[in-house]
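Indexing begins at 1, ligand by ligand and atom by atom, following the structure's order. When a residue number appears, it is its place in the shown sequence, counting from 1. Predicted, not measured: the structure shown is a model, and the values here were computed from it.
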Amino acid sequence: MLIVADHPTGTVRRMRMHVADHPLIAHKLTALRDERTESPTFRRLVDELVTLLAYEATREVRVEPSEIRTPVGPTTGVRLAAPKPLVVPILRAGLGMLDGMTRLLPTAEVGFLGMIRDEETLQASTYATRLPDDLSGRQVFALDPMLATGGTLVAAINFLADRGATDITAICLLAAPEGVARLEAETAELELDINVVTAALDERLNELGYIVPGLGDAGDRLYGVV
Ligand code: URA
């Protein structure tokens with residue numbers, strides 16, 4: 001799904017949504033959703049799924065030409081361009097996605113953004129940050145397992161945009177239509193490209209803000225209830 005909007009400043013901003021359609025992803029996601037899947041297996045499945053999603057999410061990662069010699073002769077290949085991509089897991093549950101992402105992008109830098117959702121108001125607030133001050137020119141990959149109400153991701157994108165990010169890809173295990181719509185509506189004023197890569201677009205949210213059918217509370221299933 002591609003949403004292209006004319007920004008008031010005359011620039012064009014894009015929001016793209018990619019639902020990864022692959023039988024292996026669907027297979028792993030089914031096991032992940034299953035309430036009988038316990039934390040150790042859940043963590044391993046998240047790790048594997050993120051690596052598969054990261055392959056899609058990095059399709060436009062910036063590269064530059066690189067001259068090398070093979071044992072047979074010279075050739076021009078590519079290497080990741082500077083500045084390095086930045087991977088930002090949104091704590092707590094996004095941490096469970098970090099290893100799967102850096103497996104594919106080992107030279108990326110990693111920043112941290114701690115956000116918590118008030119379970120009554122469903123509002124997200126920031127409780128921890130460890131990020132470069134200037135994100136201009138960086139390709140940013142935000143890791144957030146559940147795009148549910150969209151509140152956390154909208155707050156995270158605003159935070160990253162305030163530091164100059166203009167190219168943000170969110171990798172989410174699951175997304176709900178309500179969250180996608182809110183993300184589109186509430187980032188419309190920002191001059192940036194947003195890509196969302198997810199394993200599935202589920203049916204809806206329930207009255208508690210959980211994705212249906214979803215997989216439950218991603219943080220609790222990864223790390224237990226604290
Ligand atoms: N956060 C989760 O962990 N699960 C949901 O279904 C919604 C938000």
Side-chain angles (χ1 to χ4, degrees), residues 15 17-20 25-26 28-54 57 87-101 112-129 141-160 168-187 194 196-226:
M15 175 166 148
M17 172 94 196
H18 179 82
V19 181
I25 291 181
K28 289 180 193 297
L29 184 59
T30 305
L32 196 71
R33 290 184 193 273
D34 192 328
E35 63 182 3
R36 296 168 300 181
T37 301
E38 292 185 358
S39 283
T41 310
F42 191 92
R43 282 198 288 268
R44 182 178 53 73
L45 285 165
V46 168
D47 191 66
E48 293 172 2
L49 260 174
V50 172
T51 302
L52 295 173
L53 293 177
V87 176
V88 181
I90 300 176
L91 310 181
R92 163 179 73 136
L95 206 49
M97 301 170 75
L98 182 58
D99 286 352
M101 184 70 194
F112 295 91
L113 193 50
M115 311 218 74
I116 191 154
R117 174 173 94 145
D118 183 304
E119 291 304 328
E120 278 176 17
T121 64
L122 304 182
Q123 293 298 316
S125 58
T126 308
Y127 68 86
T129 59
F141 294 89
L143 309 179
D144 185 11
M146 309 298 274
L147 173 48
T149 63
T152 301
L153 196 54
V154 167
I157 286 175
N158 273 305
F159 193 97
L160 296 167
I168 301 174
T169 298
I171 303 181
C172 305
L173 299 175
L174 292 180
E178 295 90 332
V180 175
R182 178 167 175 192
L183 187 62
E184 165 58 14
E186 295 192 14
T187 59
I194 301 174
V196 179
V197 177
T198 185
L201 182 61
D202 273 7
E203 280 166 34
R204 61 182 172 86
L205 295 181
N206 70 11
E207 59 289 350
L208 298 176
Y210 279 85
I211 298 179
V212 181
L215 51 74
D217 188 298
D220 289 353
R221 295 200 64 191
L222 279 162
Y223 302 118
V225 183
V226 289

query = Is Asp220 salt-bridged to Arg92, cutoff N-O under 4.0 Å?
reply =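 Yes, Asp220 and Arg92 are salt-bridged.
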query = Any ion pair linking Asp202 and Arg33 (charged N to carboxylate O, less than 4.0 Å)?
reply =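 Between Asp202 and Arg33 there is a salt bridge, with a charged N closer than 4.0 Å to a carboxylate O.
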key: From CG (Asp217) to OH (Tyr210), nearest 0.5 Å   =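 Nearest 0.5 Å value for the CG-OH distance: 4.0 Å.
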ask   = Looking at ligand 1, does Gly209 have a heavy atom less than 4.0 Å from it?
value =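 Contact check Gly209 vs ligand 1: positive.
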ask   = Does ligand 1 have any atom sitting under 4.0 Å from a heavy atom of Gly216?
value =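 Yes.
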query = Between Ile211 and ligand 1, is there a nitrogen or oxygen pair with a distance under 3.5 Å?
reply =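 Checking ligand 1 against Ile211, an N or O pair does fall under 3.5 Å apart.
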message = Can you confirm whether Thr187 sits close enough to Ile194 that some side-chain heavy atom of one is under 4.5 Å from a side-chain heavy atom of the other?
response =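 When only atoms from C-beta onward are counted, Ile194 and Thr187 do touch, with a gap below 4.5 Å.
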task = Among all protein heavy atoms, pick out the one at the shortest distance from atom 5 (C) of ligand 1; state its residue, atom name and that distance to 0.1 Å.
result =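 Protein heavy atom with the smallest distance to atom 5 (C) of ligand 1: Tyr210 CD2, 3.4 Å.
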Ligand 1 versus Ala218: contacting region, heavy-atom distance under 4.0 Å =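 Ala218 to ligand 1: contacts from backbone and side chain alike.
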task = Quickly, which of Val196, Thr198, Leu173, Thr152 forms a side-chain contact (heavy atoms from CB on, under 4.5 Å) with Leu147? Name it, please.
result =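 Of Val196, Thr198, Leu173, Thr152, side-chain contact (heavy atoms from CB on, under 4.5 Å) with Leu147 is met by Val196 alone.
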ask   = Taking only heavy atoms of Ala148, which atoms of ligand 1 are found under 4.0 Å from at least one of them?
value =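 In order of number, 7 (C), 8 (C).
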